[in-house]
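Written below as structure tokens is the structure these notes are about.
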Amino acid sequence: MTATPLYASRLWPPVRPHAGEPNATTIDLLQTLGFIARTGASGVHTLLPLGLRVHDRLTAIARKAFEDRGALTFAAPTLQSRDLWQETGRWEAYRAEGALLTVTSSSGEEMCLAPTSEEIATATVRDHLRSFRDLPLRLSLSTTKFRDEIAPRGGLMRGREFTMADAYTFDASPEGMRESVAFLNEAVTASLTGMGLTGVFQASADGGSISAGPSTEHLMLSTTGQSTIVVCDHCGNRGDGAVTASTPPPAGPDPVVNVIAFTLALPHGGTQAATVAIRSDLQVSPRKVAAATGAAHVRLLDPQDLPGLLGKEAGTLTPWDAAATDVLALYDHSAAGLDEFSISDGHEGLLTGVQWSGAGELPALTAHGADLHHATDNSGCGVCSQGRYRSTRAVEVAHVFELGTQYSRPMNLSFTDQHGQQATPWMACSGIGITRCLQTSADLHRDHHGLRWKPGTGPADIHLTVLRADRAEMSERADQLTKQLLAHNRSVLVDDRPLPAGDKLRYARLLGLPHTVVLSPDRPGDEIEVIIRWTGRTTTATSSHLHQLAAAP
């Protein structure tokens, strides 16, 4: 059933004549036209009636895309127990990052306003999963999330409170998990296409605090994006610099080699210390280190542990220190490819003129290079070997993660396999930023007249502009036409305000619904004027044929 019609005369905030300027920023247009409102809290916005209509329609598009492919939808709480998050160790990790919003109940129970749903989804399945016959399981949900962003910015692009359309899958094997990853990417693509987001592409990415395994971002190039990716100027290869294959940019004069120490979490338990020698102007990518070593997770070694392990303080390590211990010594191409460079002298200065073949009191050291650096501006493309990467801005509208047993194992989620043995399911998940998609869609499609919404995504699909709405006969004609459109499952916004035609048509262009239908006393009772917002084309039709026009942009 389609939504109840909206009436401009009854909207809140009231529609003001001449409100909103076509050349305003997208976030300003969304605010002045009554889609969203700022609150007293940074990074927190109110969805006003028009904005909530868009939000709900985008959510419904995502839900349908997943359910059409076999997922079941459930509702999970955002308020979650500290106990769940301690099972995975993320309570401490997220608190250390300063990203977790926490509350304490009157009884002293500690809880969080969750930024993501891995723990609650795993716990929910844990209560009911018994046998391999229960798998695969694919669940979707849409919830409000909270993240204590240090610097919220970009309106709905990066806020402290936001809506995510998530999905979680549970499989009996790694092969099944990868099939579910394909399912998630397909459903996410269908969702974004249904939302009218064109130009979306997939790229391998850093799973951040969600996943230590491979992940895929669904991105759109945009100057308003909050993410930075690299794009090859020759072949067009693009993606997150943390995982994108690359060769180091040319070294500057007097290069310096630093050594960074990490702790590798091994796939079957235990840890291994490792060091990475890298040129000082580049950053180590933990994701590339994990890929090169097979580690399940990579984190910086606690600086307090360095003296006992390597006999040196942080910032004073050299490749020769690492090579003289049982620590796994790794070398980025940026360092291994140097003929001469400088290293720390163990104090506050540098030892210059160093060579891998040996110089001064240093013995020769064999450095086998690997791609371990974060690709950046002027890094060489690791795909075509001819181009150079350039950094550009992008919007991350969705993300798909391989989770493996990262959550199921520590939370003791298990099932009985076909051999009667207890086994741990393999998980994957996805997330679509609904509130981010709202602003992204508005920004992507707008033109010099104002906003433009794809059919099925805006607050309504037909903007019924009633001229001389103060006349009883025009009000009656508008009511009849509205009922007719609703009967054909069309959503309608009726501009029934007693204003001049120019003001109403300007508002229709600013609001940007796909079709504006002009009902005029100067035309016969069944004749109407239809303005297609996407092309500006005007046609004349009869009300009995209007439902046929409304389906196409």
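Throughout, residue positions are numbered sequentially from 1 according to the sequence presented. Computed from a predicted model, the values in this text were never measured in an experiment.
Looking at Arg468 and Asp470, a side-chain N of the basic residue comes within less than 4.0 Å of a carboxylate O on the acidic one, giving a salt bridge. The pair Asp447-Arg533 meets the salt-bridge criterion, with a side-chain N (NZ, NE, NH1 or NH2) lying under 4.0 Å from an Asp/Glu carboxylate O. One finds no salt bridge joining Arg238 and Glu217 here, because no Lys/Arg side-chain nitrogen approaches an Asp/Glu carboxylate oxygen to under 4.0 Å. Comment: Glu161 does not engage Lys145 in a salt bridge, judged by the lack of any side-chain N to carboxylate O separation of less than 4.0 angstrom. A salt bridge does not link Arg390 to Asp377: none of the charged nitrogens lies less than 4.0 Å from a carboxylate oxygen.
For the salt bridge (charged side-chain N to carboxylate O under 4.0 Å, His left out) with Asp461, the qualifying choice from Lys454, Arg57, Arg490 is Arg57, the only one to do so. The one candidate from Thr376, Ile229, Thr244, Asp233 that meets the side-chain contact (heavy atoms from CB on, under 4.5 Å) condition with Tyr389 is Thr244.
Under a 3.5 Å cut-off, the side chain of Ser105 and the backbone N or O of Glu109 do form a donor-acceptor pair. Side-chain atoms of Ser430 never come within 3.5 Å of backbone atoms of Asp166 as a donor-acceptor pair (strictly under, hydrogens ignored). The backbone N or O of Val44 sits less than 3.5 Å from a side-chain atom of Thr39, completing a donor-acceptor pair. Within the 3.5 Å criterion, the main-chain N or O of Trp453 finds a donor-acceptor partner in the side chain of Trp534. Under the 3.5 Å distance criterion, the side-chain polar atoms of Thr25 are matched with a main-chain donor or acceptor of Asp28. A donor-acceptor contact shorter than 3.5 Å links the side chain of Arg160 to the backbone of Glu149. Remark: side-chain polar atoms of Arg158 are not paired, donor with acceptor, to backbone N or O of Gly154 under 3.5 angstrom. In this structure a side-chain-to-backbone donor-acceptor pair under 3.5 Å is missing from Ser441 to Cys437. Of the possible donor and acceptor atoms, one in the side chain of His445 sits under 3.5 Å from a partner among the backbone N and O of Gly196.
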| request: Take Asp479 and Thr482 through the test side-chain hydrogen bond (donor to acceptor under 3.5 Å, both in side chains) and record every step on the way to the result. | output: CA-CA 5 Å; Asp479 288 342; Thr482 299; 5.4 Å; no
| query | Checking salt bridge (Lys or Arg N to Asp or Glu O under 4.0 Å) for the pair Lys504/Asp496: CA distance, chi angles, key distance, verdict? | reply | CA-CA 9 Å; Lys504 289 191 170 188; Asp496 55 344; over 6 Å; no
| said: Using side-chain hydrogen bond (donor to acceptor under 3.5 Å, both in side chains), reason through Gln439 and Thr26 one step at a time and then give a plain yes or no. | reply: CA-CA 8 Å; Gln439 184 172 330; Thr26 300; over 6 Å; no
| So Asp206 and Arg287, salt bridge (Lys or Arg N to Asp or Glu O under 4.0 Å) or not? Walk me through it. | CA-CA 7 Å; Asp206 183 343; Arg287 292 291 165 161; 2.7 Å; yes
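Between Leu481 and Leu519, the closest side-chain pair of non-hydrogen atoms falls below 4.5 Å. Taking 4.5 Å as the limit, some side-chain heavy atom of Met177 sits within range of a side-chain heavy atom of Glu402.
Between the side chains of Asp171 and Ser180, at least one donor N or O sits under 3.5 Å from an acceptor N or O. Checked by atom type, the side-chain pair Thr88/Glu119 shows a donor-acceptor distance below 3.5 Å. Side-chain polar atoms of Arg393 and Ser222 form no donor-acceptor pair below 3.5 angstrom. No side-chain N or O of Ser379 forms a donor-acceptor pair with one of Arg388 less than 3.5 Å apart. Thr143 and Thr78 share no donor-acceptor pair across their side chains, judged by distance under 3.5 Å alone. Donor-acceptor pairing under 3.5 Å is lacking for the side chains of Thr59 and Asp56. No side-chain donor from either of Arg147 and Tyr94 sits under 3.5 Å from a side-chain acceptor of the other. The closest side-chain donor-acceptor pair between Thr116 and Glu118 falls under 3.5 angstrom. A donor-acceptor contact under 3.5 angstrom links the side chains of Ser246 and His373, judged on distance only. Residues Thr435 and His55 bring no donor and acceptor atom of their side chains to less than 3.5 Å of each other.
A 6.0 Å sphere centred on CD of Gln283 holds no more than 12 heavy atoms belonging to other residues, nucleotides or ligands.
For Tyr7 and Trp12, the gap between ring centers reaches or exceeds 6.0 Å. Between Tyr507 and His463, the gap from one ring centroid to the other is short of 6.0 Å.
The side-chain tip of Arg138 does not point at the ring of Phe66 from less than 6.0 angstrom away and within 45° of straight on.
For the atom pair OG1 (Thr440) and CD (Glu396), the distance works out to 10.5 Å, reported to the nearest 0.5 Å.
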